[in-house]
Amino acid sequence: MPLSTVVSLVMLQVVLPALFIAWLARARPTGRSLWLVQALGVGVFLAFVLAVGNAAWTSVYLSGALLIGHAAALVVSFRRTPALWWPIRPGKGLGPIVFIGTHLLLVLLFGPLCVLAFRGYAAPENPVPLVFPLRHGVYHVGQGGNHPLINYHNVSTTQRYALDVTRLNALGLRAAGLYPERLDRYAIFGDTLYSPCSGVVDTARSDLPDLTPPDRDRAHPPGNHVVLDCDGVTVYLAHLMQGSVRVATGDSVAAGTPLGRVGNSGNTTEPHLHLHAERDGAGVPITFGGRFLVRNSLVWSR
Ligand SMILES: [Zn+2]
């Protein structure tokens, strides 16, 4: 990922929301209608950032801090606002127009995107229940859900409900650093992968190298992988560590059987687990303990 992308990500997920929250905290609205316009504008923008942004890049703790900061700013600015709905004097010159215009624009731009993203949170009918395949801490869903805004796989027929999973370190980040080259800086690298269902191994591959981010192997999209046939549902687990796969075609596995380790092989941007399920060549929704996971879902698993 180029530096410019990383910088814009930090701007969008951290700097801009913090600035809007600070503006809200310092505002002196001359009436409650103006307070409401600002509260809505900042709220909608924050909802967009928290739903569509990837919290594991800038720390899930920071996302929590932004939420708490927004709530505190709402209270502080409301208590400062005169107890009348329609201000007698909204302010001087262009000030009120810029103020109202900016916040209405935030609502109009990001409101519809929030609606689309949140629609992708609903679990489609008849999901396949699986067992979460990792057990080493707190996991974060980078791609997941039923809308392309929160899951880039969603446009694909077979991978429509695919998940990309990383693990969080003590700072609530998926890696030590923004986009490090060293694989062991990614918390999930080397994590033991357990079978998410009982079935038979259809395919297993383990000979491809673990790549240095941002290198990708586009000729072998899944990299080292295991494909399981679980009661008519085909489950794909991809981007595993070279030499780590310990099952072979034809092996029977129970849910919880160790299969290999998470790596960085194939067409991948960084160490993560890719998981999806298909039935008759079409992607099927999956749940873990009844949960339909979406972007920024957290899973505590030991
Ligand atoms: Zn994926």
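Since the model is a prediction, treat every value here as computed from it, not as a measurement. No hydrogens, no waters, no symmetry mates; every other heavy atom, side chains included, goes into these values. Order of appearance sets the numbers: ligands from 1, and atoms from 1 within every ligand.
Per residue Asp164, closest N, O or S atom to the Zn ion (ligand 1): atom name OD1.
Among the backbone and side-chain atoms of His274, an N/O/S atom is found under 2.8 Å from the Zn ion (ligand 1). Here His239 fails the criterion, with no N, O or S atom under 2.8 Å of the Zn ion (ligand 1).
Comment: Asp191 engages Arg167 in a salt bridge, judged by a side-chain N to carboxylate O separation of less than 4.0 angstrom.
In this structure, Arg174 fails the cation-pi test against Tyr186, since its NZ or CZ atom is not both closer than 6.0 Å to the six-membered ring centre and inside 45 degrees of the ring normal.
In summary, of the residues considered (Leu16, Leu66, Leu74), a side chain to side chain contact (heavy atoms under 4.5 Å, CB included) with Ile21 occurs for Leu66 alone.
Below 30°, between 30° and 60°, or above 60°: for Tyr121 and Phe118 the angle between ring planes is above 60°, a perpendicular geometry.
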